[in-house]
Amino acid sequence: MVQIFYSLIYMSVRVRFAPSPTGALHIGGVRTALYNYLFAKQQGGAFILRIEDTDRTRYVPGAEQYIIETLKWVGLLPDEGVGFGGDKGPYRQSDRKEIYHHYARELVQRGHAYYAFDTPEELALRKQAEENFTYNQQTRGGLSNSLTLSETEVESRLKAGTPFVIRLRVEPGRAIHVQDLIRGEVVFQSGELDDKVLLKADGMPTYHLANIVDDHLMEITHVIRGEEWLPSTAHHVLLYEGFGWTDTMPVFSHLPLILKPVGNGKLSKRDGAKFGMPVFPLEWEGATPEESFSGFRDTGFLPEAAINFLALLGWHPGGEQEIFSLQDLIQAFSIDQISKSGARFDYEKAKWFNQKYIQAANNEVLASYIRPLVNSKGYEATDEYLEQVAALMKERVTFLPDFVETGYYLFEPVREYDKETLQKKWTPPIAEIFNELTGMVATFEPFNGPALEEAVKHFIHEKAVKPGDILPLLRIALAGTMKGPAVFDMAVALGRKETVRRLQALSELG
RNA sequence: GGCCCGUUCGUCUAGGGGUUAGGACGCAGGAUUUUCAUUCCUGUAACACGGGUUCGAUUCCCGUACGGGCUACCA
């Protein structure tokens with residue numbers, strides 16, 4: 001006992017993120033990965049990526065790569081796992097088939113599991129006949145399994161290759177206590193539990209078996225997973241008991257769900273299209289447009305912003321800080337401050353975080369994010385110019401693509417002029433002054449923001465017109481719109497030649 | 001239906017037997033900026049309901065309602 005206590009204290013923390021490669025990884029999965037990562041790093045432990053691909057019918061090619069790419073994008077790099085090495089592998093469950101067979105058989109030998117020969121069709125019929133039919137301690141006596149069949153019959157069926165599953169043998173009359181770090185003690189009555197399938201007829205384990213065997217073999221100390229696993233945790237405890245692994249059973253924490261922005265229920269992949277927002281980390285190209293999704297990355301989120309947003313969806317350290325770097329999060333994180341109730345996906349808040357992170361990012365970093373967007377539009381620009389664009393636009397954008405979309409006029413001629421303002425401001429006398437101003441700008445030295453501004457204002461004063469008569473026109477000439485960066489900063493960024501060209505273009509139009 | 005979990009402003013949340021129930025997003029108004037945005041200030045708005053326990057409950061307990069999850073040879 002003393003020894004167990006000792007080992008629990010000094011055993012280093014090991015947590016796992018164990019997604020199933022059935023398609024694009026849901027944003028809730030990213031949050032689960034994040035909480036696991038934060039806990040591991042804070043405790044000086046290991047963060048492990050395990051791929052749970054035991055359902056061959058739901059396997060989707062590319063999903064595993066998607067998961068890995070997501071973790072890389074958000075910066076949650078596993079210490080061990082598929083694609084990351086480690087000495088407790090293999091970390092892909094389909095590569096561990098024999099291991100599960102071995103343990104499933106061992107559990108049968110220990111009397112905590114049994115062979116069952118009932119076919120899916122037979123069970124489906126039973127369910128049709130009896131509405132609440134479950135395979136459990138009440139019903140198994142009347143079914144076809146190694147508890148009802150003679151030993152020789154079982155032997156011969158196994159020898160003949162009759163398909164079978166292995167089921168957990170749950171005995172009634174016990175209270176199973178689960179200690180959850182988020183929810184406290186949760187109690188289940190064993191009499192209400194069914195005899196879960198552990199090993200399927202195709203030879204693959206179910207989640208229940210695989211997750212216990214792997215967590216044990218991989219020396220996982222803490223299981224941090226979604227709330228949907230809470231009801232089956234009682235079965236998991238029974239498995240630890242059955243194997244005699246209770247001393248090293250991991251500590252459980254069941255996370256609250258992420259809910260739809262409006263309406264009832266948990267956030268689903270369809271909500272992305274429905275509400276016009278990403279619910280996946282990365283873009284995903286499915287077989288059809290309906291199965292293809294956009295993600296946070298291609299929408300133009302900074303990974304740091306996505307992480308900050310996700311971290312606070314269901315957890316809060318208690319202070320009034322809102323902006324947390326990954327390092328801040330590692331320091332501040334604690335499992336007992338995770339909320340118990342589900343959190344609605346608040347996209348407005350996500351946008352706010354992104355805006356904040358873009359504002360705070362330095363121009364060089366932003367330029368590197370803008371570069372691919374610029375290239376894909378076919379624009380040409382130097383890195384130095386992109387840094388200027390970043391400086392000009394960073395306080396006016398929400399998403400990365402806004403730099404080249406809202407600010408397109410920093411890369412190509414004005415496409416469309418604000419007619420309303422033009423109609424109001426463009427009068428023959430003003431046009432004449434404007435032309436004169438164009439001539440001045442063409443030769444004015446030095447061509448920098450403050451000097452230019454000073455000179456133009458002086459010019460306006462001399463002509464006895466109001467700044468409001470000229471400045472808006474200048475802006476429209478350069479950007480076409482009444483929104484945007486300071487006019488003189490724009491002029492300097494565009495350069496003298498382009499500025500003059502645009503001023504002339506407006507005159508010709510007028 | 002059964003089992004399990006939950007419930008503080010519209011949203012994310014802090015708090016906790018006695019508080020003007022705090023912050024953030026959003027929204028509204030204002031200041032700054034002769035654009036827009038940023039920034040700053042102000043405002044808006046919450047303890048689901050009913051019983052206990054208590055001198056006192058939003059906080060503790062029990063119910064109810066509502067919401068959610070699970071109930072597959074899916075994870």
Pair partner, B/U19 [Watson-Crick or wobble, under 3.5 Å]: none
Side chains of A/Asn36 and A/His222 only: does a donor on one sit below 3.5 Å from an acceptor on the other? no
OP1, OP2 of B/A72 versus side-chain N and O of A/Thr206: anything below 4.0 Å? no
Quick check for you: among B/U11, B/C70, B/G68, whose closest atom lies nearest to any side-chain atom of A/Asp346? B/U11
Touch class at under 4.0 angstrom, heavy-atom based, for A/Thr22 against every strand present: nothing
B/A75, OP1 or OP2 - any side-chain N/O from A/Lys200 closer than 4.0 Å? yes
Looking only at B/G68, B/A75, B/C4, the nucleotide nearest the A/Leu230 side chain is B/C4
Base, sugar-phosphate, or nothing: which does A/Leu312 touch, judged by heavy atoms less than 4.0 Å apart? sugar-phosphate
Phosphate OP1/OP2 of B/G68: any A/Asn264 side-chain N/O under 4.0 Å: yes
Contact class for A/Ala343 (heavy atom, under 4.0 Å): base, sugar-phosphate, or nothing? sugar-phosphate
Under 4.0 angstrom, heavy atoms only, what part of the nucleic acid is A/Ala18 near: base, sugar-phosphate, or nothing? nothing
Please state the P separation for the pair B/U32 and B/C25 - nearest whole angstrom. 22 Å
Hey, is A/Arg50 close enough to A/Asp215 for a salt bridge, meaning N to O under 4.0 Å? yes
Which part of the nucleic acid, if any, lies within contact of A/Thr54, taking any heavy atom under 4.0 Å across all strands shown: a base, the sugar-phosphate backbone alone, or nothing? sugar-phosphate
In Watson-Crick or G-U wobble terms, with both distances under 3.5 Å, the base opposite B/U64 is B/A48
Nearest of B/C3, B/G68, B/U8 to any side-chain atom of A/Ser341? B/U8
Is A/Gly318 touching bases, backbone alone, or none of the nucleic acid, heavy atoms closer than 4.0 Å? sugar-phosphate
Mind checking who B/A37 pairs with, Watson-Crick or G-U wobble, both distances under 3.5 Å? none
Examine the side chains of A/Arg157 and A/Ser146 and answer whether a donor and an acceptor come within less than 3.5 Å of each other. no
Give one of base, sugar-phosphate or nothing for A/Pro317, where a contact means two heavy atoms less than 4.0 Å apart. nothing
Quick check on B/C74: is either OP1 or OP2 less than 4.0 Å from any side-chain nitrogen or oxygen of A/Lys196? no
Report yes or no: do A/Asp214 and A/Gln93 form a side-chain donor-acceptor pair below 3.5 Å? yes
Regarding A/Lys266 and A/Glu227, does a basic nitrogen lie under 4.0 Å from an acidic carboxylate oxygen? no
B/A28 to B/A45 separation - P atoms, rounded to the nearest Å: 16 Å
Using only side-chain N and O atoms of A/Gln355, determine if any of them is under 4.0 Å from OP1 or OP2 of B/U38. yes
Complementary nucleotide for B/A28 - Watson-Crick or wobble, under 3.5 Å: B/U42
Closest nucleotide of RNA chain B for A/Val487 versus for A/Gln321: which of these residues is on the 5' side? A/Gln321
In whole Å, what separates the P atom of B/C36 from that of B/A31? 13 Å
I'd like the P distance from B/C9 over to B/G52, given in whole Å. 26 Å
Between B/U44 and B/A24, how far is it from one P atom to the other, in whole Å? 14 Å
In terms of side-chain heavy atoms of A/Phe188, which of B/C4, B/C73, B/G23 is nearest? B/C4
Counting only Watson-Crick pairs (N1-N3 plus N6-O4 or O6-N4) and G-U wobbles (N1-O2, O6-N3), all under 3.5 Å, who is the partner of B/C9? none
With heavy atoms under 4.0 Å as the rule, sort A/Arg475 into base, sugar-phosphate or nothing. base
Counting only Watson-Crick or G-U wobble pairs whose two distances fall under 3.5 Å, which nucleotide matches B/C3? B/G69
Within the modelled atom types, does a donor on one side and an acceptor on the other bring the side chain of A/Arg183 and the base of B/C5 under 3.5 Å apart? no
Carboxylate-amine/guanidinium contact A/Arg126 A/Glu122, below 4.0 Å: no
Considering every strand and a 4.0 Å limit on heavy-atom distances, what is the contact class for A/Pro19: base, sugar-phosphate, or nothing? nothing
What nucleotide among B/A72, B/C70, B/G67 has an atom nearest to a side-chain atom of A/Lys127? B/A72
Any ion pair linking A/Arg105 and A/Glu98 (charged N to carboxylate O, less than 4.0 Å)? no
Work out how far the P atom of B/G18 is from that of B/U71, and round it to whole angstrom. 42 Å
Taking the same atom, C1', in B/C55 and in B/G1, what whole-Å distance lies between them? 46 Å
Indicate yes or no: does A/Asp346 engage A/Lys349 in a salt bridge with an N to O separation below 4.0 Å. no
Taking any heavy-atom pair under 4.0 Å as a contact, classify A/Gly314: base, sugar-phosphate, or nothing. sugar-phosphate
If the P atom of B/U11 is compared with that of B/C74, how far apart are they to the nearest Å? 38 Å
For A/Glu395, answer base if it contacts any base atom (sugar-phosphate contacts may also be present), sugar-phosphate if it contacts only those atoms, and nothing otherwise; contact means non-hydrogen atoms under 4.0 Å. base
For A/Gly484 and for A/Lys349, locate the closest nucleotide of RNA chain B by heavy-atom distance; then report the residue assigned to the nucleotide nearer the 5' terminus. A/Lys349
Students often get this wrong, so: under 4.0 angstrom with heavy atoms, is A/Gly226 touching a base, only sugar-phosphate, or nothing? nothing
Indicate, with a heavy-atom threshold strictly under 4.0 Å, whether A/Lys466 touches base, sugar-phosphate, or nothing. nothing
With sugar-phosphate meaning primed atoms plus P, OP1 and OP2, does A/Pro472 contact a base, only sugar-phosphate, or nothing at under 4.0 Å between heavy atoms? nothing
